[in-house]
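Computed from a predicted structure; not experimentally measured.
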Amino acid sequence: MRIAVLGGDGFVGWPTALHLSNLGHEIHILDNLSRRWIDTELGVQSLTPMDSIQERCRIWHQETGRRIHFHLLDLATEYERLKAWLAEHRPDAVIHFAEQRAAPYSMKTDRHKVYTVGNNINATHNLLAALVETGIDAHLVHLGTMGVYGYSTIGAPIPEGYLDVSIDTAAGPRGQQILYPTRPGSVYHMTKSLDQILFQFYAQNDGLRITDLHQGIVWGTHTDQTRRHEQLINRFDYDGDYGTVLNRFLIQAAIGYPLTVHGTGGQTRAFIHLQDSVRCIELALKDAPAAGERVRIFNQMTETHRVRDLAELIARMAGAKVAYLPNPRKEADENELVVKNDQFLALGLKPITLAEGLLSEVVDVARKYAHRIDRSRVPAVSAWTKDIAQRVEHDPEGKRLRSVS
């Protein structure tokens, strides 16, 4: 297939592009490289050294003989260029990663909120409108998030996208399926919730074939393809805005930094290994809905864990200390999370679950590149409200100079 990977320079986009290229597909990456500019804005860098996207594609061709084509394009602001590109290349499938992906970044300031909404919603809607206008029957696979559901304590399993409800009518109760109600916990998660409504409309109105993957928190460093050459290595974020919780714990353990648990650590989260994430995208591509079908929704996760339990696991493994800090997020102290993921298991996914060997692999990578870590960027300090910001801890290591007078 000819596949367009939108946002293919990113944390999941790049290993996905490699994985699908390795399977023999013709891969085109469309990206505005905004994630690299955000690194510059935040004054932080990927733990792992990243070459330019052009150099990464060159190394992939050198190692495999396969080409990945790169196109510099901003989906959110260059609608006519996007439409022209689609009309010229007519991909069989489009994988949409081209959204600002960090909840903390989306809550930093009003400017970051406005940017996240403008970038994410415009990118998604421009893509949908362009697919309709060009008449391309491409399967659209979108990387969403489990976070659209919110984190409640109801205890019932979260279904894959749709909820059976009973509605009282004059003729008696009638059954119906609706999109599972969203309860986003950040501006970022809100944009993913809005994506769902856009997808629902364009599937029913224009017959677009759409799969929405509600993904858990990704952990891990490598895939089979990124291991092939040092310059193919994936980006790895450790900072308080973009670093995912398990990866952050592992990096903190590697450099002797306290494992920062916010609040009680009673938040339960869904997780998936990076290798499983790219494998799920491959499986979703093979199971495309037909034109006229409703949006196909998968819960793309493999296990759930409580944050404090993860911290204690890593602390025991690495001999690290755990620091309980004020929570910069506005969320419940404790929550349950029961999630159905039957569809991917039925398609043949054999999940990679938390194992000491894989955890040690991440720690080894962190130690190898420890000289690239700016310890001042490790704390999570982007607060959800101005009131919460006043109690955020900026110095978990206790190294700030203190007055003795």
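The ring-ring contact (aromatic ring centres under 6.0 Å, His included) contacts involving residues 336-383 comprise Phe298-Phe344, where partners must be two or more places apart or lie in separate chains. For the ring-ring contact (aromatic ring centres under 6.0 Å, His included) condition, the pairs that include at least one residue of residues 240-261, sequence neighbours left out, are Tyr105-Tyr242.
Under a 4.0 Å N-O distance rule, the pair Asp39/Arg35 qualifies as a salt bridge. Between Arg308 and Glu334, at least one side-chain N (NZ, or NE/NH1/NH2) sits under 4.0 Å from a carboxylate O, which counts as a salt bridge.
Not a single salt bridge (Lys or Arg N to Asp or Glu O under 4.0 Å) links Arg174 to another residue, sequence neighbours left out. Scanning for side-chain hydrogen bond (donor to acceptor under 3.5 Å, both in side chains) contacts around Asp287 gives Arg296, with sequence neighbours left out. Every residue was checked against the salt bridge (Lys or Arg N to Asp or Glu O under 4.0 Å) condition with Lys386, not counting sequence neighbours, and none meets it. Listed by chain and number, the residues in a side-chain hydrogen bond (donor to acceptor under 3.5 Å, both in side chains) with Gln275 amount to none (sequence neighbours excluded). The side-chain contact (heavy atoms from CB on, under 4.5 Å) check on Arg90 picks up Ile136, with sequence neighbours excluded. Every residue meeting the side-chain contact (heavy atoms from CB on, under 4.5 Å) condition with Glu331, not counting sequence neighbours, appears here in chain and number order: Gln267, Arg269, Asn327, Arg329. Listed by chain and number, the residues in a side-chain hydrogen bond (donor to acceptor under 3.5 Å, both in side chains) with Glu55 are Arg58, Gln231 (sequence neighbours excluded). Residues satisfying the salt bridge (Lys or Arg N to Asp or Glu O under 4.0 Å) criterion with Asp9, sequence neighbours excluded, are Arg36, Arg56. Under the side-chain contact (heavy atoms from CB on, under 4.5 Å) criterion, Asp374 pairs with Tyr238, Ser376, Arg377, not counting sequence neighbours. For Arg2, the salt bridge (Lys or Arg N to Asp or Glu O under 4.0 Å) partners two or more places apart in sequence, or in a different chain, are Glu26.
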